[in-house]
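Whatever order the structure lists them in is the order used to number ligands and atoms, beginning at 1. Every heavy atom of this structure was used, including side-chain atoms; hydrogens, water molecules and symmetry mates were not.
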Amino acid sequence: MGQKEVKRNKAMKMKILILHGPNLNLLGEREPEIYGRVTLAEINRRLEETAAELGVELKIVQSNYEGALVEEVHRAAKECAGIVLNLAAYTHTSVALRDALAAVGIPGIEVHLSNIYAREDFRWRSLTAPVLMGQISGLGADGYLWALRALVKKLTTG
Ligand code: DQA
């Protein structure tokens, strides 16, 4: 394969945004009895492995700031085919993030490491899931990998 072809193939890869919300940078040390011992770096490594298998490219972002997450959603609408996101506590509180997802209409799957329905009642409601394709909750780090597989399948085969 010539260099031009390699470049063209790279440019054709579907790009998916992985968006991690507040406090997820502390995974591994944060309440391990709830979230396990897997770090965010390890989750991202497993996601990259799965992406390579699926032939898609990832953009991975973590932020503790609501506005920064909103801007990533806006950017994703131009750069990416879909989003896998764990907005963490903002899932339950952020009208701004729900509105951003609804405004750009990008296909996305929400992930929660813990089973939010088996925890405090303020976690039972997701403001964002209704404007997304679906949600995976309670499967730990594997949830991200299933979400990526499901999203890519939907985007490629409908
Ligand atoms: C979480 C669940 C949220 O309720 C919580 O605020 C988080 C993490 C999860 O992955 O289980 O920070 O999104």
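The pair Glu42-Arg45 counts as a salt bridge, with a side-chain nitrogen and a carboxylate oxygen less than 4.0 angstrom apart. Between Arg46 and Glu49 there is no salt bridge, since no side-chain N of the basic residue sits under 4.0 Å from a carboxylate O of the acidic one. Ionic pairing of Glu29 and Arg37 is not present here: no N-O contact between side-chain nitrogen and carboxylate oxygen is shorter than 4.0 angstrom.
Atom 11 (O) of ligand 1 has as its closest protein heavy atom Ser114 OG, 2.6 Å. Nearest protein neighbour of atom 9 (C) of ligand 1, counting heavy atoms only, is Leu113 N, 3.4 Å.
Every N/O-N/O distance between Leu24 and ligand 1 stays at or above 3.5 Å. For a threshold of 3.5 Å applied to N or O pairs, the pair formed by Arg30 and ligand 1 contains at least one separation below that value. Taking distance alone, with nitrogen or oxygen atoms compared against 3.5 Å, Pro22 stays at or beyond that limit from ligand 1. For ligand 1, the polar-atom distance check finds an N/O of His112 within less than 3.5 Å of one of the ligand's N/O atoms.
By the criterion of a heavy-atom distance under 4.0 Å, the side chain of Arg123, and not its backbone, is placed next to ligand 1. Using a 4.0 Å cut-off between heavy atoms, Asn86 contacts ligand 1 through its side chain alone, with no backbone atom that close. If you look at Ile116 next to ligand 1, the close heavy atoms, those under 4.0 Å, all belong to the side chain.
Taking every non-hydrogen atom of Ala89 and a distance limit under 4.0 Å, the qualifying atoms of ligand 1 come out as 6 (O), 12 (O). Under a 4.0 Å criterion applied to the non-hydrogen atoms of His92, ligand 1 contributes the atoms 3 (C), 4 (O).
Between the side chain of Asn64 and the backbone N or O of Asn23, at least one donor-acceptor pair lies under 3.5 Å.
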- Task: Start with the C-alpha distance between Tyr144 and His20, add both sets of side-chain angles, then the distance that settles ring pair (Phe, Tyr, Trp, His ring centres under 6.0 Å), and finish with yes or no.
- Result: CA-CA 11 Å; Tyr144 285 93; His20 302 292; 5.3 Å; yes
